[in-house]
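What follows is a single structure, written as structure tokens, with notes after it.
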Amino acid sequence: MPAAQAESFIRALATANPAPETELIYHDPFTLLVAVVLSAQATDAAVNRCTPALFAAAPTPERMAALGAEGIGPYIRSIGLWQAKAKNVGALARDLVDKHGGRVPGDREALEALPGVGRKTANVVLNIAFGQNTMAVDTHIFRLGNRCGLAPGKTPRDVEDMLVRRCPPDLLRDAHHWLILHGRYVCKARAPECWRCVARAFCNYRDKVLAPPA
DNA sequence: ATCCCGAGGG
DNA sequence: CCCTCTGGAT
């Protein structure tokens, strides 16, 4: 996709929130980081349901580290992969206390060194909590990009670089967040809801799955 | 019954 | 590259 068209594509997606009911409820670095770690393979609703009690019990890295995997587990048993996540979050909080003065580091290298934190999670935290020019390319964005011919045959990392390069600076925050939601709730893997997609004009598959259910 | 999905490990 | 973890969605 040509540069000018890519910018239009990003602009279209960045100006419409497709799932206002699942809006991100955490914005400070620590709760955001933990919430994102818990989000893999779980619905936003499930994460938003169980995290308030968890953060009431452990609002800081110190308290979370003290809770440990055994103490964290009971709060998150309703979401997928909870055993691994409890372990990761406990170890992550321990690392924050021991290696980062109880603060969430604001650089990629340190974030990705934390247990359970990969490139995608680091990019979300860097963008939303630290205001940096990053884009988290998860499989939702990757699929959306592929269906729209954003960067045919390219790797997720290539797509990430392209989005960072093409996204107008004033739209960075919204583009990052709304792109994920579009892939997750509109341009879904199984039953995409093309009839309410703001990127229809760019999509190569729209004619095949455009109609709403009867 | 099968797919979803990010991180980590083989 | 492949596989596993797990509850939820379909």
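Proteins come first, then strands; the chains are lettered A, B, ... in the order of their sequence lines, and each starts at number 1. Here the structure is a predicted model, which means the values were calculated and not measured.
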So what does [X] touch, heavy atoms closer than 4.0 Å: a base, only the sugar-phosphate, or nothing?
X      : result
A/D138 : sugar-phosphate
A/V37  : nothing
A/T121 : sugar-phosphate
A/L114 : sugar-phosphate

Between [options], which one does the side chain of [X] approach most closely?
X      : options              : result
A/K188 : B/dG6, B/dC5, C/dT10 : C/dT10
A/A40  : C/dA9, C/dT6, B/dG6  : B/dG6
A/R190 : C/dT6, B/dG6, B/dC3  : B/dC3
A/T43  : C/dA9, C/dT6, B/dC5  : C/dA9
A/L81  : B/dC5, C/dC5, C/dT10 : C/dC5

Could you check whether [Y] and [X], counting side-chain N and O atoms only, form a donor-acceptor pair closer than 3.5 Å?
X      : Y      : answer
A/T51  : A/Y75  : no
A/D44  : A/Y185 : yes
A/H176 : A/R173 : no

Phosphate OP1/OP2 of [N]: any [X] side-chain N/O under 4.0 Å:
X      : N     : value
A/R77  : C/dT6 : no
A/Q83  : C/dT6 : yes
A/T139 : B/dG6 : yes

Tell me the interatomic distance from [X], atom [atom1], to [N], atom [atom2], rounded to whole angstroms.
X      : N     : atom1 : atom2 : result
A/K120 : B/dG6 : NZ    : C1'   : 7 Å
A/Y185 : B/dC4 : OH    : C1'   : 12 Å
A/R184 : C/dG8 : CZ    : P     : 14 Å
A/K87  : B/dG8 : NZ    : P     : 12 Å
A/I141 : B/dC5 : CD1   : C1'   : 14 Å
A/L38  : C/dG7 : CG    : C1'   : 13 Å
A/I180 : B/dC5 : CD1   : P     : 12 Å
A/N88  : C/dT6 : CG    : P     : 11 Å

* **A/M64 CE to A/R94 CZ distance, which is reported to the nearest 0.5 Å** =>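 Result: 12.5 Å between the selected atoms.
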
* Asked: Looking only at N and O atoms, is any donor in the side chain of A/Q41 or the base of B/dG6 less than 3.5 Å from an acceptor on the other one?
  ->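 Answer is yes: a donor-acceptor pair is held.
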
* Give the minimum heavy-atom separation between A/H182 and A/P18, together with the two atoms involved. =>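 Heavy atoms of A/H182 and A/P18 come nearest at CD2-CG, 3.5 Å.
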
* Hydrophobic cluster identity match, A/L92 and A/V104, side-chain contacts under 4.5 Å ->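 Same cluster.
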
